[in-house]
Every structure is written in C-alpha cells, then in structure tokens.
Amino acid sequence: MTESRSGHPLPSTDHPVSPDGARRPVLLVFDVNETLSDMSAIGRRFEDVGAPANLAKTWFAGLLRDGFALTAVDACEPFARIAAETLRVALHDQPLDRGIDDAIQHVMQGFSSLPVHPDVPNGIRVLSSLGIRLVTLSNGSASVAEALFERAGIGAHFDALLSVEDVGAWKPAAAAYAYALERTQVDPMDAMLVAVHPWDIDGAARAGLATAWINRSGGPYPAYFRAPDLAARSLTELGDQLR
C-alpha cells in the first residue's frame, strides 16, 4: 500500500470484481446521512423557523460542497461546524420567527431525532445474518450514528461506528476509505461501500472497494462517476443480492 497525504495507507486501486460479478464481501461499510437516516424531517425544522422546507436540500448540498472543498485543500472542519455556518448563510435572508442563533439550534437539533428509512432495520438484520461484518463511515460524528442506531434498535449489528473526523479528510477522499480499512484490518478487495450518494460510490470505487448503490428513488445514476457493482432499491434487496 502507498501512503496518503494524511498518513493513512491508501488501498489498492485493483477493483474487486470477479468475472461473475461482485462477490459477497467480508465487510460492508455504510454511509450514514441519507443512506441510513431519513432526513426528510429536517425540512419541517426549516418550516418551524419560518423558512421553506425545500431550502433544506439546498442547504445540505452546500454543506457537503464546503466539506469537500476544505478536504481538497488539505483542511478539515467538523460536520457540525460546517452545518451550523452554512445554515447561517442559508437562513440570513429568510423571514425567521426567531433569532438566527435560535433558528440554527432548532434545525441542528433535528439530527438528534431523525429516524432510519423504513427498509433499514430489517435490511441490516438480513445483511448481518449473512455473516458479513458491518461498520459505518460517516462525514458526520460517530455519536450521531450511535444515537440513530439506538433509536432504531440496530446498533448491536455493527462492529464499529467510524467517522472521518478521526482521519481529517472527508469522503470521497481516498484517505477516508483507507482509514476504515485500516481500522477493520480488511483488504479493499474484501470490502464494499453501501451508499445512496453517487459521489461516495465513485470515491470508494477509485479507492479499490466494491460498491452498492441504494437507489430508493429509482432515479438515474450519473454517467461521469464510476458505476456501482450492485444497485438495489433497499437494503433488504441488497441482502437478497448478496445471499
């Protein structure tokens, strides 16, 4: 393995696809925000403070953009700080029913009560029953994932809850995926990333992992990204594909 700029060894770029298609991995690495958590309730938090619900999607896209931009210049800030500051920008011209700091706090508190998507509890149990190790790798904090899983009753199925905050580079930087492989002591050819975000699928594929795209909306996959090895409408469907 070669060394990344952050000091973590980069995985091999060999793609772990057999002639018969993607094989069952030893390790599944899950994205958390939107992949496992249902963030639709955040839109209602925007409405609570006097802003339109559809602003939530624009805000979250800007949050990711700025996290990626900082990583591109070898800088890193915690998810929560970027989230709060991009909220300040997004809400500054809205007809809020409270002060800006209170509005930011109200929206941010929404992360502490998010549910998982309906397919997640059974899907995680199915995947765990296959004897595959499960971990998370989030651009957010591990504590958010821990609380999410506690509410959903699925935490016991995960070996580890990992965050890029411990490596100093947001996904889709190669160092983020290398960190997860290093922590779990799994070779890239034996690992598969599971995510709803095509940018995350592309990043993991370039880092040598197999990939599974969860496409709950049924929308198209961007052709400029590396294609996923597997595509499924739910985690349960992914479990059926990996049996």
Side-chain angles (χ1 to χ4, degrees), residues 30-73 75-120 136-149 151-152 163-165 169-173 176 194-203 213-222 224-225 233-235:
F30 289 85
D31 175 53
V32 177
N33 290 324
E34 295 188 299
T35 296
L36 300 179
S37 64
D38 182 353
M39 292 184 58
S40 59
I42 296 295
R44 293 191 289 274
R45 290 267 169 168
F46 273 70
E47 289 183 318
D48 290 345
V49 302
N54 60 10
L55 185 59
K57 290 185 177 181
T58 303
W59 160 70
F60 193 71
L63 187 170
L64 294 176
R65 176 203 63 208
D66 290 357
F68 299 162
L70 288 168
T71 293
V73 295
C76 188
E77 292 285 347
F79 181 94
R81 183 181 183 194
I82 298 177
E85 289 304 305
T86 51
L87 264 175
R88 190 175 301 278
V89 173
L91 295 175
H92 85 281
D93 61 350
Q94 297 297 317
L96 303 178
D97 63 3
R98 66 196 75 188
I100 185 69
D101 290 334
D102 288 343
I104 291 170
Q105 182 180 25
H106 181 75
V107 173
M108 291 296 293
Q109 285 176 339
F111 281 95
S112 67
S113 58
L114 290 178
V116 295
H117 289 285
D119 63 290
V120 169
T136 64
L137 180 64
S138 176
N139 282 338
S141 71
S143 62
V144 170
E146 183 177 10
L148 176 73
F149 294 170
R151 291 192 297 276
S163 168
V164 303
E165 292 180 355
W170 279 38
K171 296 181 298 175
V194 182
V196 298
H197 305 290
W199 56 260
D200 205 356
I201 296 294
D202 180 78
W213 182 43
I214 304 303
N215 181 17
R216 294 188 180 93
S217 69
Y221 188 88
Y224 45 79
F225 284 142
R233 295 294 295 267
S234 67
L235 293 190

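Each residue takes its place number in the sequence, starting with 1.
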Once you round to the nearest 0.5 Å, how far does [atom1] of [X] lie from [atom2] of [Y]?
{"X": "Phe68", "Y": "Trp170", "atom1": "CZ", "atom2": "CH2", "result": "7.0 Å"}
{"X": "Leu63", "Y": "Thr86", "atom1": "CG", "atom2": "OG1", "result": "4.0 Å"}
{"X": "Cys76", "Y": "Glu165", "atom1": "SG", "atom2": "CD", "result": "7.5 Å"}

Worksheet item: Quick one: are Ile82 and Leu70 in side-chain contact, heavy atoms under 4.5 Å?
Response: yes

Distance-only donor-acceptor hits, side chain of residues 94-101, under 3.5 Å, sequence neighbours excluded:
| residue | atom | partner | partner atom | Å |
| --- | --- | --- | --- | --- |
| Arg98 | NH2 | Asp48 | O | 3.1 |
| Asp101 | OD1 | Arg88 | NH1 | 3.1 |
| Asp101 | OD1 | Arg88 | NH2 | 3.1 |

For [X], side-chain contact (heavy atoms from CB on, under 4.5 Å) partners two or more places apart:
{"X": "Asn33", "value": "Ser37, Met39, Phe60, Phe79, Phe111, Ser138"}
{"X": "Ala41", "value": "Arg44, Leu114"}
{"X": "Asp119", "value": "His117, Arg216, Ser234, Leu235"}
{"X": "Asn54", "value": "Pro52"}

Closest non-hydrogen atom pair, [X] against [Y]:
{"X": "Asn215", "Y": "Gly219", "value": "ND2-O, 2.9 Å"}
{"X": "Ala195", "Y": "Ile201", "value": "O-CD1, 4.0 Å"}
{"X": "Val164", "Y": "Ala169", "value": "CB-O, 3.3 Å"}
{"X": "Leu137", "Y": "Lys171", "value": "O-NZ, 2.7 Å"}
{"X": "Ala56", "Y": "Gly43", "value": "CB-CA, 3.8 Å"}
{"X": "Ile42", "Y": "Gly110", "value": "CD1-C, 3.9 Å"}

Worksheet item: Which salt bridge (Lys or Arg N to Asp or Glu O under 4.0 Å) pairs, counting each pair once, include a residue from residues 102-117, with sequence neighbours left out?
Response: none

Practice prompt. Sequence neighbours left out, what pairs pass salt bridge (Lys or Arg N to Asp or Glu O under 4.0 Å) with at least one residue falling in residues 57-73?
Written response: none

Of all residues at least two apart in sequence or in a different chain, which pass the side chain to side chain donor-acceptor pair (under 3.5 Å) check with [X]?
{"X": "Trp213", "result": "none"}
{"X": "Ser112", "result": "none"}
{"X": "Ser163", "result": "none"}
{"X": "Glu34", "result": "His197"}

Fill in: Backbone N/O of Val32 and side chain of Thr35: donor-acceptor pair under 3.5 Å
no

Practice prompt. Output, in order, the C-alpha distance, side-chain angles, deciding distance and verdict of side chain to side chain contact (heavy atoms under 4.5 Å, CB included) for Leu36 and Asp31.
Written response: CA-CA 7 Å; Leu36 300 179; Asp31 175 53; over 6 Å; no

Worksheet entry | Val120 and Phe149: CA distance, side-chain angles, deciding distance, side chain to side chain contact (heavy atoms under 4.5 Å, CB included) verdict | CA-CA 10 Å; Val120 169; Phe149 294 170; 5.9 Å; no

Worksheet item: Glu77: what forms a salt bridge (Lys or Arg N to Asp or Glu O under 4.0 Å) with it, not counting sequence neighbours?
Response: Arg81

